Amino acid sequence: MKIGIICAMKEEFELISKDIEIEKTIKKSNLEFLIGTLNEKNVVGVICGIGKVNAAICTQILISEFNCTYILNSGVAGGIDSKVNFKDVIIAKDLVQHDVDVRKFGYKLGEIPNIGTYSFKCEKKLLEIGEKICLEICKKNKNFNYHIGRIVTGDQFISNNELSKNLQKTFDALACEMESGSIAQTCYLNNIPFLIIRAISDTGGDVAENEFNNFLKESSKNSYIIIKNIIKNII
Ligand code: ADE
């Protein structure tokens with residue numbers, strides 16, 4: 001077993017990188033891969049950069065060149081459903097790319113033609129491990145909240161009340177961000193199990209960038225806690 005751990009930004013990766021006992025680092029495609037162990041599991045940790053292309057390239061390298069058998073993604077997201085709050089953890093049930101639009105040829109908004117699925121589903125076993133960990137934390141910490149549902153991805157920082165509401169309604173999504181849909185697509189095409197964990201940094205509304213700056217660190221930590229425990233519990 002080898003687990004690829006992807007974060008988009010250094011702030012999201014900081015705590016995870018400190019936990020990795022690094023054996024070596026390898027640079028490829030302008031990315032730095034930390035190869036080592038975490039909780040005695042073989043891992044490859046990497047900051048993929050922002051956006052779908054960066055995330056897809058990084059995921060494919062983890063699979064093809066480092067032979068990762070699981071892919072985990074940790075970080076923050078905009079909470080577009082009114083039931084989610086700052087710092088809440090989102091376990092993605094499935095991913096849709098909200099910026100894919102081939103409706104003129106009869107496809108649904110978000111649907112990628114000829115790929116065989118509308119949404120990319122996280123692996124059931126990983127989801128169950130993630131939920132169990134969240135339930136245990138909930139018992140000990142009344143301020144901790146988590147949700148399971150859809151995350152939508154696009155090459156766009158969402159910072160508009162209307163847009164945020166529309167995304168939620170159109171896709172029945174809990175949160176939005178800029179990488180996980182393409183990580184999910186890459187894993188799906190390679191038949192590799194994956195799980196996406198994000199914690200809410202902002203609302204995707206008019207002042208999202210201020211909220212994002214305020215919550216980036218704390219929310220990254222919440223996502224990190226879940227990812228770390230998932231790695232511990234994967235067998
Ligand atoms: N990641 C965190 N917040 C986001 C937002 N509002 N839009 C896109 N990606 C995000």
Side-chain angles (χ1 to χ4, degrees), residues 5-16 46-59 71-101 109-110 112 119-120 122 130 145-186 194-227:
I5 310 163
I6 303 173
C7 295
M9 298 171 69
K10 70 173 186 330
E11 291 85 350
E12 296 169 318
F13 191 57
E14 199 184 344
L15 293 169
I16 295 167
V46 56
I47 300 170
C48 71
I50 291 165
K52 296 196 320 183
V53 174
N54 282 330
I57 290 170
C58 180
T59 307
I71 298 289
L72 302 177
N73 170 230
S74 176
V76 298
I80 57 178
D81 189 303
S82 56
K83 72 171 171 253
V84 307
N85 287 305
F86 298 116
K87 299 197 285 179
D88 286 3
V89 165
I90 309 293
I91 304 174
K93 181 171 65 70
D94 64 352
L95 292 300
V96 177
Q97 294 172 42
H98 66 74
D99 57 357
V100 172
D101 186 354
L109 184 63
I112 297 162
S119 76
F120 300 101
C122 289
N145 287 309
Y146 80 95
H147 313 264
I148 300 176
R150 177 168 292 162
I151 294 179
V152 285
T153 301
D155 277 326
Q156 197 178 5
F157 185 83
I158 306 298
S159 56
N160 177 287
N161 288 343
E162 278 298 295
L163 187 54
S164 167
K165 271 196 206 120
N166 276 342
L167 276 183
Q168 196 288 322
K169 233 171 79 186
T170 308
F171 295 100
D172 192 19
L174 296 176
C176 64
E177 39 77 293
M178 301 178 69
E179 294 82 25
S180 64
S182 65
I183 294 172
Q185 181 181 344
T186 310
F194 66 92
L195 184 65
I196 312 294
I197 302 288
R198 297 274 177 152
I200 299 302
S201 57
D202 59 86
T203 57
D206 291 349
V207 293
E209 57 271 40
N210 298 336
E211 297 166 343
F212 179 89
N213 287 329
N214 289 336
F215 283 99
L216 174 60
K217 204 168 168 188
E218 277 182 273
S219 297
S220 294
K221 186 175 175 189
N222 276 1
S223 180
Y224 151 78
I225 291 167
I226 308 305
I227 287 286

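For the single chain, residues carry numbers from 1 onward in sequence order. All ligand and atom numbering here is 1-based and tracks the order in the structure. Every heavy atom of this structure was used, including side-chain atoms; hydrogens, water molecules and symmetry mates were not. It should be emphasised that the depicted structure is a prediction, and the values quoted were computed from it without experimental measurement.
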Please could you name the atoms of ligand 1 that Ser201 approaches to less than 4.0 Å, counting only its heavy atoms? 2 (C), 3 (N)
Are the side chains of Met9 and Glu179 in contact, using a 4.5 Å heavy-atom criterion? no
Taking atom 4 (C) of ligand 1 as the reference point, the nearest protein heavy atom with its distance: Phe157 CE1, 3.4 Å
Quick one: does Phe194's side chain get under 4.5 Å of Leu95's, heavy atoms only? yes
Heteroatom distance test (Ile158, ligand 1): nitrogen or oxygen, under 3.5 angstrom: yes
If you count the atoms of ligand 1 from 1 in the order shown, which ones are under 4.0 Å from a heavy atom of Ala77? 1 (N), 2 (C), 3 (N)
4.5 Å side-chain heavy-atom contact, Lys83 and Leu174: yes
Mutual orientation of the aromatic rings belonging to Phe157 and Phe212 [parallel < 30°, tilted 30-60°, perpendicular > 60°]: perpendicular
With a 4.0 Å cut-off on heavy atoms, is Gln156 touching ligand 1? yes
Is the shortest distance from a heavy atom of Cys176 to ligand 1 less than 4.0 Å? yes
The closest protein heavy-atom partner of atom 3 (N) of ligand 1 is Asp202 OD2, 2.6 Å
Donor-acceptor side-chain pairing of Thr203 and Glu211 below 3.5 angstrom: yes
In the structure I gave you, are the side-chain heavy atoms of Ile183 and Phe120 within less than 4.5 Å of one another anywhere? no
The closest protein heavy-atom partner of atom 9 (N) of ligand 1 is Glu177 CA, 3.2 Å
Under a 4.0 angstrom heavy-atom cut-off, which atoms of ligand 1 come close to Gly204? 6 (N)
Are the side chains of Ile112 and Gln185 in touch, meaning some heavy atoms are under 4.5 Å apart? yes
